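Written below as structure tokens is the structure these notes are about.
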4 protein chains.
Amino acid sequence: MTNSGGVAAEQLRAFIERIERLEEEKKAISDDIKDVYAEAKGNGYNIKVMKLVVRMRKQDSNERQEIDTLLDLYLHTLGMAPSEEQAS
Amino acid sequence: MTNSGGVAAEQLRAFIERIERLEEEKKAISDDIKDVYAEAKGNGYNIKVMKLVVRMRKQDSNERQEIDTLLDLYLHTLGMAPSEEQAS
Amino acid sequence: MTNSGGVAAEQLRAFIERIERLEEEKKAISDDIKDVYAEAKGNGYNIKVMKLVVRMRKQDSNERQEIDTLLDLYLHTLGMAPSEEQAS
Amino acid sequence: MTNSGGVAAEQLRAFIERIERLEEEKKAISDDIKDVYAEAKGNGYNIKVMKLVVRMRKQDSNERQEIDTLLDLYLHTLGMAPSEEQAS
DNA sequence: CTGGCTAAACAGAACC
DNA sequence: GGTTCTGTTTAGCCAG
């Protein structure tokens, strides 16, 4: 292995190990989150709906409105708008 | 809002906020990882291949062995066991 | 290889190959779906919203109502019900 | 609804229905696959391991080689090249 | 240098 | 309940 290669190997190895360390931390936090959901479930809450709530709170209201607008348009185009709902 | 509802609200809110706090931490770490990749890229490394290396090291580091035992049985049955490999 | 093993090998191989054939067909259809979305996109439609529409049409309305009921309850508990929305 | 809207409605509906048709076909094939696994299970095979075999055969069958070239460079740089493997 | 496209990571759903 | 698999999201790459 050449000198410059040796330096590169050391440097690259350092990058890889930093990344692996961070990924471990990240996984630990993911596990913590799972634990909180499990605890909530133990207190009678529905995990699926809690996740929905978290997502809604996270979602940027501007983007949300954008999507809703388009969705309304498409549903209306298809005759599926809520106001057009009817007994079949 | 009733008493019991008030208690539930407080508890549910606490769960939600704990989760949101953890997700922020998780995102911070994800950003750190991105930074490391970016720094490595600035030093001339290829991000895609670095990720491949990280993945391979993770795969190598665990399990794999326990499934191989069961798997060998099936591969052998199929005539695909390593010892039966041959030039076609 | 024993007789019974030989029979098993033939049989297992047949199962595996039937599955692989079916998975190829399945993949071909997935690709077709992607093509349709791409074509729609080329005509100015928003893929993400189209997928939403498809999902909504598929979704069983009973299940949907169930989720909505729980969701309303949770949002109300958190003071996030639509009717309680306000400028912060 | 305007003329252009009418045209759009017809077009959008056609796209949606093509997608829904394809998804039905896709689902039918998924069901067929499940049936094959069930039949195999009825003949004494282990579904989980069969799925593993299918996955491995898929992995083996393609690409892999083209990334190895680039990968070798990095592994070598890390002192992880196969020929350099050794007891730690 | 921005925007679209492709491919990997993550989250949600389904199955065992 | 745990694990695998699908589908969504996001990040990196490339063309304009």
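Remember, predicted model here, so these are calculated numbers, not experimental data. Every chain is numbered from 1 and lettered A, B, ... according to where its sequence line falls, protein lines coming before strand lines.
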Check against side chain to side chain contact (heavy atoms under 4.5 Å, CB included), C/Leu73 and C/Thr69: CA-CA 6 Å; C/Leu73 174 61; C/Thr69 303; over 6 Å; no
Side-chain atoms of residues 32-41 of chain B: list all donor-acceptor pairs with protein atoms under 3.5 Å, sequence neighbours left out, distances to 0.1 Å.
from, atom 1, to, atom 2, distance (Å)
B/Glu39, OE1, A/Arg18, NH1, 3.3
B/Glu39, OE1, A/Arg18, NH2, 3.3

In the structure I gave you, are the side-chain heavy atoms of B/Val53 and B/Met50 within less than 4.5 Å of one another anywhere? no
State which residues pass side-chain contact (heavy atoms from CB on, under 4.5 Å) with C/Lys48; sequence neighbours excluded, sorted by chain then number. A/Glu63, A/Ile67, C/Asn46
Going through the distances and angles, do A/Met56 and C/Leu71 end up as a side chain to side chain contact (heavy atoms under 4.5 Å, CB included)? CA-CA 11 Å; A/Met56 288 177 63; C/Leu71 185 56; 4.1 Å; yes
Note: chain D reaches DNA chain F at heavy-atom distances under 4.0 Å over the stretch, first to last nt, 5' to 3', of F/dC5 to F/dG7
Among A/Ile47, A/Val49, A/Asn43, which residue meets the side chain to side chain contact (heavy atoms under 4.5 Å, CB included) test with A/Tyr45? A/Asn43
Does B/Arg55 reach the side chain of B/Lys51, with side-chain heavy atoms less than 4.5 Å apart? no
Please identify each residue that fulfils side-chain contact (heavy atoms from CB on, under 4.5 Å) with C/Arg21, with sequence neighbours left out. C/Glu24, C/Glu25
Rounded distance [0.5 Å steps], CG in A/Leu78 versus CD1 in D/Ile16: 5.5 Å
Polar pairs (N or O, both sides) under 3.5 Å between protein and nucleotides 1-7 of chain E?
from, atom 1, to, atom 2, distance (Å)
E/dC5, OP2, C/Lys41, NZ, 3.0

Distance, rounded to the nearest Å, where A/Lys58 contributes NZ and E/dC10 contributes P: 13 Å
One thing to verify: whether B/Glu20 and A/Lys58 come together as a salt bridge, which I'm taking to mean a side-chain N less than 4.0 angstrom from a carboxylate O. no
Which residues in residues 19-39 of chain C have at least one heavy atom lying under 4.0 Å from any atom of DNA chain F? C/Lys26
Nearest heavy atom decides the nucleotide; on that basis, is B/Lys51 or A/Arg55 closer to the 5' end of DNA chain E? B/Lys51
